[in-house]
Amino acid sequence: MARSEARVTTDRPARYAKQLAAHLGRRSRTSWDEETGTGGIVFQNGTGTLTATEGALLLTVETDPENLDLLEGVVGRHLVRFGARDELLVEWHRDNGEPGTTQRNPEDPTPH
């Protein structure tokens with residue numbers, strides 16, 4: 001299994017994690033624990049975790065290497081859409097040292 005992680009800076013990590021878990025729960029099995037600030041996602045082809053920390057939401061996905069782009073994109077695109085007003089940026093970093101994908105608000109003029 002390959003692993004990818006992203007640290008998304010936000011003042012509302014628990015709110016976004018809860019919203020992400022609820023939304024993705026329509027097609028995947030998800031969990032969110034308000035007390036611990038942690039959650040999980042079970043996709044058809046991998047897993048993910050959500051961890052709310054002070055000032056950031058930590059995301060991980062684990063899957064076969066050929067599915068990393070897909071799972072990074074699913075989690076990242078939904079989060080960026082929910083956090084459009086906060087201009088969230090999701091930059092994935094893979095455990096093999098390769099850069100992962102990046103998701104950002106389409107109106108964000110910052111170059112990739």
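Under a 3.5 Å cut-off, the side chain of Q103 and the backbone N or O of V80 do not form any donor-acceptor pair. Without hydrogens or angle criteria, S31 side chain to G40 main chain gives a donor-acceptor distance under 3.5 Å. When atom types are taken as modelled, the side chain of N96 and the backbone of E98 share a donor-acceptor pair closer than 3.5 angstrom.
Ring geometry for H78 against H23 counts as tilted: the plane angle lies between 30° and 60°, on a 0 to 90° scale.
Across Y16 and G83, no two heavy atoms sit closer than the pair OH-CA, 3.5 Å. Of all non-hydrogen atoms in T53 and P13, the two that sit nearest each other are O-CG, 3.2 Å.
Within the structure, the side-chain hydrogen bond (donor to acceptor under 3.5 Å, both in side chains) test picks out the following pairs touching residues 56-69 (sequence neighbours left out): T49-T60, D69-R94.
Side-chain contact between L70 and N45 is present, with at least one heavy-atom pair separated by less than 4.5 Å. Two residues are said to be in side-chain contact when any heavy atoms from C-beta on lie closer than 4.5 Å; E72 and V61 meet this criterion. Side chains of R15 and K18 form no contact here, defined as non-hydrogen atoms less than 4.5 Å apart. Side-chain contact between T9 and R7 is present, with at least one heavy-atom pair separated by less than 4.5 Å. Between L68 and W92, every side-chain heavy-atom pair lies at or beyond the 4.5 Å cut-off. Between M1 and R3 the shortest side-chain heavy-atom distance does not fall below 4.5 Å.
With values rounded to the nearest 0.5 angstrom, T36 atom OG1 is found 9.0 Å from E34 atom CD. Atom CH2 of W32 and atom CG of L20 lie 9.5 Å apart (nearest 0.5 Å). From L58, atom CG reaches atom OG1 of T38 across 11.5 Å, with rounding to the nearest 0.5 Å. Annotation: the span from L50 atom CG to T30 atom OG1 amounts to 8.5 Å, rounded to 0.5 Å. To the nearest 0.5 Å, atoms CD (E91) and CZ (R104) are separated by 6.5 Å.
Put simply, the residue from L24, T10, V8 that forms a side chain to side chain contact (heavy atoms under 4.5 Å, CB included) with L79 is V8.
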